[in-house]
Amino acid sequence: MLKKILISLIIILSFMMGRAFADKVKDKVLIVYDVRHKFGYDNDEVLTFKLALGHFDLDVYEVSERDYSLGLVNRFDYVFVMGLDDEKVSERLKEDLIRYKGIVTFIGSGFEDVLSLDEFGNFKFLGKNFNAVEVIYKNSMLPFSRGKYGIGDRNSVDFYDVRNGQVVAYFNDGRREIPYIFNYNNIWVVTRYDSEGPVFYILCDVLHEILKIPHREEKKVFVRIEDVHAKVDIKRLRRIGDYLKSEGIPYMIAIIPAYKENGRIYKISDNREFVETIRYLQSNGASIVLHGYTHQIRDERTGEGYEFWDIKNNRPPSDDMEKYMQDRIYSAVLECVKNGIYPLAFEAPHYAINKEGYDFLKKHFSTYVGHIQTSNYSFCTTAYPFKIQNIEFINRLIPENLGYVYSDNINDIFKNLDRASIVRDYYGGFYFHTFMDIDYLKKIVKKIKDKGFEFYDLKMEDNYVNIKDITIQSKGGNVECNYRKINSFYFSFNHIQKAVSIIFLSLSLGMVAILIHSITIRRENV
C-alpha cells in the first residue's frame, strides 16, 4: 500500500515538474531575410522587427536567405520571411516552407511566385500600386506617410487579389482598397514593411493574432519633464510638478547631473535649492530618469549636444565604450545619490547610442526610456508602440512615441497618439521642457484624460540601478538606495550621535541627582 502511494506521489510530482518546465519553454521564432537594410538607408530593418518580437517573450533567431540550410524551419514554431529587396524566394527555402507545418508570415515584397502556389493561398499578383494614401485597420483610417524612406520609396505596395483569405488591414489609394495584411490557413502576408508610423503600429498589433499571444487591453501614457539640470528655472520646474501632482498624475524627470558652460561644470551639488526642489518633486509623484551626465561631447550647450554618439562624425564617441560609459554613468549616478536623488531608469541624450553602449546599460539598468537606435553605424532610431522586455541589449523598454511639446504642435501629439494607440496594449509618452508655457501641458493632459488613457507611473515597476557600490531599487512605489560609503558614514555618525546623546543624558541625570541630593541635605540641616 505504501509503495503504491509513493509511486503515485512520484507520478504526480513528475507531472507537476513537467508542467512547470513546459510553462517556461518559449516558442521559437525564425526570421529569414534577404537584406538587412532598404536600399540607400542605414536602419537595420531586421533588427528593428526582431526587437518588436521582444514584446511577446519568445526565443528569436535570424538567418540570411543565402545562409539558410535545408530543413532549418522545422526547428521553429513560427517563421517570418522578410523581403526588403524585391528578391524572389530561393527554391530550397520554398520547398521547406511547403512542407512546414507551423505558421509562416511573409513580410515585404518578392513573394508573388510563392503566393501563387495552392499551398500558400493561390493569390494572384496584380502588380505594384504607388498611390496609397491611407491605411485602414479595424475602424480606423490612418494616413500612409512616406516616412523615413521619402519620395524615392514611392509608397509602393504589392497588390494581390485576395479571394481565399481573410483581409485584416487595407491600403486605400483614393479609388480602391488594396489588401495590406491578410491570412490563409497558417499563412500570413504583410505586403509592406515600414519601421515607423501607422503601418508599423498596425503590424505590431496584428502580431498578437499571428503569434496567438493575447495581451490585456490597456493604454498608458507617460509625461516626462526633459533636460532638467542645475541651471533650469526652479520656479517653473516646481510649478509644473505641483500642477501634475494636483491632477494626480505621476511623471518622470529626465535629470542631467552636470551642466557644462564655458569650460566649467556646474553640478547639482552646487545648487542646494535645485536639489531640494528635485527631492520635493521626487517625494510628490516624480520618478527620476538619468539623462546622461553632461548631455554633450564638445562645446555644445548641455541639453542640446549629444553624449554617447558623435553626431558630427556619425560614430561612437570612443573606441572603448565600456570605459567611456563607466566613467560618465557612475559619475552621474553618484552625483544624484549623494544628494538624495534616485534615478530608476536611463535615457540616452537624443536617444543616440551604439550597441556597446546598450550592452553596458543592460548590465546596470533594468529600464530604458525612449527610442532605440537601430543601427550600429549611423544615427537612426525606432519608436515602438508597446513595452518590450528582455531584448538583446535592453532589459525593459518604456517607449516614447508621441514626440515633444512646442508651441504649435499639440495636434501633432494627438495625431501620433491616435496612430500608436491602435495597438491594444499601447505604452508611450511625450516630453515637455521647463521653458515651455505650462498651459500647453495643461491642454494635453486634459485631452489625454478625456480620452480615458491611464498615466504611467515608473516607480510602481520593479526597477533597479546597480553600478559599483551603488544600488537603487523600486517596487510598488517605494524607492530604496544602498550606497555603502554613505551608509558607512551614516552608520558611524549615528553611533557617534547616540554615544554623545548617552553621555549628555548621563551628565544631565548626574547633575539632577547632585542637585536633589544637595537640596535634601539643606532641608535636613534646617
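These numbers were taken from a predicted model, which means no experiment stands behind them. For reference, positions follow the sequence shown, starting with 1.
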message: If you apply the rule salt bridge (charged side-chain N to carboxylate O under 4.0 Å, His left out), what do you find for E95 with R92, and how did you get there?
response: CA-CA 5 Å; E95 291 301 317; R92 68 180 183 281; over 6 Å; no
ring-ring contact (aromatic ring centres under 6.0 Å, His included) between Y160 and F125, worked out: CA-CA 5 Å; Y160 287 91; F125 181 64; 5.3 Å; yes
- request: List the steps and the verdict of side-chain hydrogen bond (donor to acceptor under 3.5 Å, both in side chains) for N401 and Y426.
  value: CA-CA 10 Å; N401 42 46; Y426 164 75; 2.7 Å; yes
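Residues G357 and M321 approach most closely at CA-CE, 4.3 Å, considering heavy atoms. Between L203 and Y180, the shortest heavy-atom distance links the atoms CB-OH, 3.9 Å. Contact detail for Y351 and G370: the closest heavy-atom pair is CE2-CA, 3.4 Å. The minimum heavy-atom distance between I448 and F430, with the atom names listed, is CD1-CE2, 3.7 Å. Of all heavy-atom pairs between R419 and P143, the closest is NH2-CG, 3.3 Å. Closest of all the heavy-atom pairs between L72 and F76 is O-CD1, 3.4 Å.
Y61 places none of its side-chain heavy atoms less than 4.5 Å from the side chain of R75. Side-chain contact between Y464 and L344: absent, with no pair of heavy atoms (C-beta onward) separated by less than 4.5 Å. T105 is not listed as a side-chain neighbour of Y78, based on a closest heavy-atom distance of 4.5 Å or more. Counting heavy atoms from C-beta on, the side chains of V104 and V73 never come closer than 4.5 Å. Side-chain contact between F393 and L51: present, with at least one pair of heavy atoms (C-beta onward) separated by less than 4.5 Å. Inter-residue side-chain proximity for T191 and F171 is flagged as met; some heavy-atom pair is nearer than 4.5 Å. Taking the side chain as every heavy atom from C-beta outward, C204 and F386 approach each other to under 4.5 Å. In this structure, the side chains of V199 and F144 come closer than 4.5 Å at one or more pairs of heavy atoms.
Within a 6.0 Å radius of NZ in K362, other residues, nucleotides and ligands contribute more than 12 heavy atoms.
Using a cut-off of 4.0 Å between Lys/Arg side-chain N and Asp/Glu carboxylate O, E112 and K128 are scored as not salt-bridged. No salt bridge links K94 with D113; every basic N to acidic carboxylate O contact stays at or beyond 4.0 Å. Ionic pairing of R424 and D205 is present here: one or more N-O contacts between side-chain nitrogen and carboxylate oxygen are shorter than 4.0 angstrom. Salt-bridge formation is detected for the pair D194/K38: a Lys NZ or Arg NE/NH1/NH2 atom is positioned less than 4.0 Å from an Asp or Glu carboxylate oxygen. Between R66 and E87, none of the side-chain N atoms (NZ, or NE/NH1/NH2) sits under 4.0 Å from a carboxylate O, so this pair counts as no salt bridge. For K451 and D418, the salt-bridge test passes: some basic side-chain N is under 4.0 Å from an acidic carboxylate O. Between K363 and E322 a salt bridge is recorded (basic side-chain N to carboxylate O distance below 4.0 Å).
Judged by distance alone, with hydrogens and angles left aside, the side-chain atoms of N409 form a donor-acceptor pair with the main-chain N or O of Y404 at under 3.5 Å. With K475 contributing its side chain and E480 its backbone, the two residues share no donor-acceptor pair below 3.5 Å. Proximity of a side-chain donor or acceptor of H364 to a complementary backbone N or O of N466 within less than 3.5 Å is detected. Judged by distance alone, with hydrogens and angles left aside, the side-chain atoms of N164 form a donor-acceptor pair with the main-chain N or O of G121 at under 3.5 Å. Within the 3.5 Å criterion, the main-chain N or O of I256 finds no donor-acceptor partner in the side chain of T294.
No side-chain donor-acceptor contact under 3.5 Å links Y358 and E392. Between the side chains of T367 and N463, at least one donor N or O lies within less than 3.5 Å of an accepting N or O. A donor atom on one side chain and an acceptor atom on the other are not found under 3.5 Å apart for N482 and T471. With hydrogens and angles left out, the side-chain atoms of S366 and N395 include no donor and acceptor closer than 3.5 Å. In the model, D469 has a side-chain atom that pairs as donor or acceptor with a side-chain atom of Y330 under 3.5 Å.
Classification of the F120-F106 ring pair by plane angle, with boundaries at 30° and 60°, yields perpendicular. By the 30° and 60° cut-offs, the orientation of the rings of H295 relative to H291 is perpendicular. Ring geometry, H350 versus Y306: the interplanar angle falls from 30° to 60°, so the pair is classed tilted.
A salt bridge (charged side-chain N to carboxylate O under 4.0 Å, His left out) with K323 holds for exactly one of D327, D319, D320; it is D327. Across D44, N43, T48, T374, a single residue satisfies side-chain hydrogen bond (donor to acceptor under 3.5 Å, both in side chains) together with S195, and that is N43.
In this structure, F80 has its ring center at least 6.0 angstrom away from the ring center of Y33. Here the two rings, on F432 and Y251, have centers that are 6.0 Å apart or farther.
By the 6.0 Å and 45° rule, R224 does not stack over the aromatic ring of F222.
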